[in-house]
Every structure is written in C-alpha cells, then in structure tokens.
Amino acid sequence: MLQYQDTPLIELQDDIIRAAGIRLLIKREDQNHPSVSGNKWWKLKYNLDEAIRSGHHTLLTFGGAYSNHIYAVAAAAHELGLKSIGIIRGEENLPRNHTLAFARDHGMILQYISRELYRQKNDDAFITKLHDQFGGFYLLPEGGTNDLALKGCSEFATQIKAQSEFDYLCLPVGTGGTMAGMIAGLKGGHNIIGFSVLKNGTYLQEEVSGLLKNFSPPAYANWQIEMEYHFGGYAKKTRALDDFISFMWGKHHLPLEPVYTGKMMFGVYDMMLKGRFNASSTVMILHTGGLQGQTSLSE
Ligand SMILES: *Cc1c(COP(=O)(O)O)cnc(C)c1O
C-alpha cells in the first residue's frame, strides 16, 4: 500500500470569516503524501489494491500535460514497483514541463496522441489497440474516476467526519468522482458544495448523480455544484484569481493553485461575502492538493 501521512485540520480567521459569522476549517489533505497528494491518493487507493490483487504489473491511464492524475499515477506506480504508461493529450513539447518530467523520471512511458484520438479514450476498440501495443495493463480512466475511486473517497469522508463536526463541505470538482465519493461517504448528512473548475460544467450535476447511482443507490439531495467560479474554464485564470491566491498565501500561509483549489477557495470567500452560509455554521474546506501543477504552469 502507498504511504499515508495523517493530515491536520486547521482553522482560519480573518475579517471576512468573522463578518460571515462562521467557522472555517481546512482539511490539509494536500499533505497526505509527498507526490500522490490530496484526493488523488484516495482515488488511487483501492485501484492500486485491485491492480496488484489481479496480478497486473502495469498501470495505464490518460491525462493532459499538467495533469495531477498523471503525476500521481507515475509516483504511485514507482513506489509500488509497478510500470506505468501515460497516454497524453496533444503533441510532445520539449523540454518537458515539470509534471511530465516528473512522470518520466518515475518511469512512466509517455505516449502522445492527437486531441481527436484522445476523445476515443473510453472506447473499447481504442483500448484493444492499446493492449495490442502494450500488452496487459490495469486501466485507470482519465482523472482516475471509477467505482473504486468513489470507494476511497467515501472512506475519506468517513475519516473527516470522525475528526470534526461540520455543516458544509466544500471541494473543487473536475470529473466529479471525488464529490460523488464524499456524498456517498457522508450518507445524506451535511451540505456538500462542489465548485466546478470547468466552464460548461452543468453536465457535472448529471455526472455526479450517475456516478452515485452506480456506486451507492440512495439518491441523496444534500449537494449542489456552483458554476460561477471557473474563471474562463479548465486551467484558465485571471488576474483576480492570481491576486486572491497571493492574498491567501500572505494572510494565512495557505498554498493554493489556480486550477482547482484557488477557484474553490475564491468561491468560498465570495459566498461568505454574499452571506450564503448559515450564520454560526462550520464550513469544512477540502484542500485536494494539486500543488505540483503550480510549478508547471508558472514555467
Ligand atoms: C483532480 C483534482 C480535483 C478534481 O477531482 P475530481 O474527482 O476529478 O472531481 C480537484 N482538486 C485537485 C487538486 C485535483 O488534482
């Protein structure tokens, strides 16, 4: 099994939080592992168990050039003595950015494919071709989202619940796998607020419902996805977002990045300013990690 480091729960205090009349807690899950950090650790946990149990020696997965998932899979495979293959969207660019250089240094074979071909990543015929090329492998979908990922995230939800009481749980949403797992793990309790990092994220509502239906049948209604904090779309950012991230670092020494956690946290602060959290409630923020991406994006 992967190493795991227990992570702290910290409380932030500033004028905006005081004015909102709430408690703001942050679960620093970004610190759970040096390179398989945050939600990616939990999404991989049971997939890695299953890959090994079923006798696989190789992991294969998909991602973009800055993908935290690619980075995490390369590190996890390296730690467990597995081989890894990353099918990367788009053309090869040299020198490699931090994410892909790290993946390569941890033994990942990188294969670049066109954006067109990349769209076939879930098609059986395409996967068969990859098997013809690479032989046997354990397949992890893009972003690592599958039932075993939900199982890991739901276990994480149980762990947080045991650590503290809270009313709201806030987290960023990419594929929706982490959010679906958290909803399942909280079993209808609490109010779960996801922040879409995608511009056209309305389909995520259905996506999360669908993932949940597969994994854990009760149809919970205690969750919503905020669509107003994508800052132009996936991996897009603005001056206001950068300024906010700098502010949070200066004020609270809280490291955030612009792809996921910065957008969520901006959303949380905006919602506090708009009085959208019930007074006297406790808001739990999930720091899902992803800080490695910062290095690549600033290159
Ligand atoms: C991958 C990732 C997410 C998104 O998780 P999903 O399960 O795809 O919704 C959120 N935050 C960080 C830091 C990530 O790396």
Side-chain angles (χ1 to χ4, degrees), residues 7 26-33 35-47 61-76 98-99 102-103 121 140-157 169-185 192-198 201 203-212 214-215 223-227 229-231 233-235 237 241 245 254-268 285-297:
T7 62
I26 305 194
K27 176 67 170 163
R28 290 294 306 272
E29 201 62 11
D30 54 306
Q31 299 176 343
N32 63 1
H33 187 285
S35 44
V36 190
S37 87
N39 63 337
K40 297 303 185 280
W41 194 96
W42 293 99
K43 293 181 85 169
L44 285 173
K45 178 179 181 185
Y46 289 106
N47 277 294
T61 196
F62 300 89
Y66 299 95
S67 165
N68 294 330
H69 170 67
I70 288 288
Y71 189 94
V73 169
H98 169 75
T99 305
F102 175 94
K121 62 187 179 295
L140 289 158
E142 183 183 50
T145 292
N146 59 14
D147 280 1
L148 290 174
L150 265 65
K151 181 179 173 186
C153 292
S154 77
E155 181 177 311
F156 179 36
L169 180 77
C170 298
L171 76 164
V173 178
T175 64
T178 304
M179 179 159 189
M182 301 304 291
I183 296 167
I192 301 141
I193 305 177
F195 293 81
S196 171
V197 303
L198 312 175
Y203 79 93
L204 285 170
Q205 211 86 30
E206 231 167 279
E207 189 69 19
V208 170
S209 301
L211 289 167
L212 269 171
N214 249 358
F215 176 70
W223 58 276
Q224 78 214 48
I225 303 179
E226 295 294 324
M227 302 292 174
Y229 303 106
H230 58 69
F231 291 87
Y234 183 71
K237 58 177 188 164
L241 180 60
I245 289 171
L254 182 71
L256 299 168
E257 43 65 48
V259 182
Y260 293 103
T261 52
K263 290 180 182 180
M264 161 193 61
M265 206 63 190
F266 188 103
V268 169
I285 311 283
L286 208 54
H287 195 313
T288 47
L291 296 168
Q292 71 82 20
Q294 187 71 312
T295 314
S296 288
L297 289 169

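All figures in this text were calculated on a predicted structure; none of them were measured in a lab. We count ligands from 1, going down the list as the structure has it; atoms in each ligand are counted the same way.
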**Prompt:** So how far is it from E142 CD to K121 NZ, rounded to the nearest 0.5 Å?
**Reply:** 4.5 Å
**Asked** ligand 1: which residues have a non-hydrogen atom closer than 4.0 Å?
**Response** N39, K40, K43, N68, P172, V173, G174, T175, G176, G177, T178, Y260, T288, G289, G290
**Prompt:** Should the ring pair Y260 and Y234 be called parallel, tilted or perpendicular, given that the plane angle runs from 0 to 90° and is split at 30 and 60?
**Reply:** perpendicular
**Message:** Parallel, tilted or perpendicular: which one describes the rings of F195 and Y229, with boundaries at 30° and 60°?
**Reply:** tilted
**Prompt:** Which residues satisfy the salt bridge (Lys or Arg N to Asp or Glu O under 4.0 Å) test with E226, sequence neighbours excluded?
**Reply:** R276
**Request:** Compare all side-chain heavy atoms of S37 with those of L291 and state whether any distance is below 4.5 angstrom.
**Result:** no
**Message:** Quick check against the 3.5 Å criterion: does N47 have a side-chain atom that pairs as donor or acceptor with the backbone of K43?
**Reply:** yes
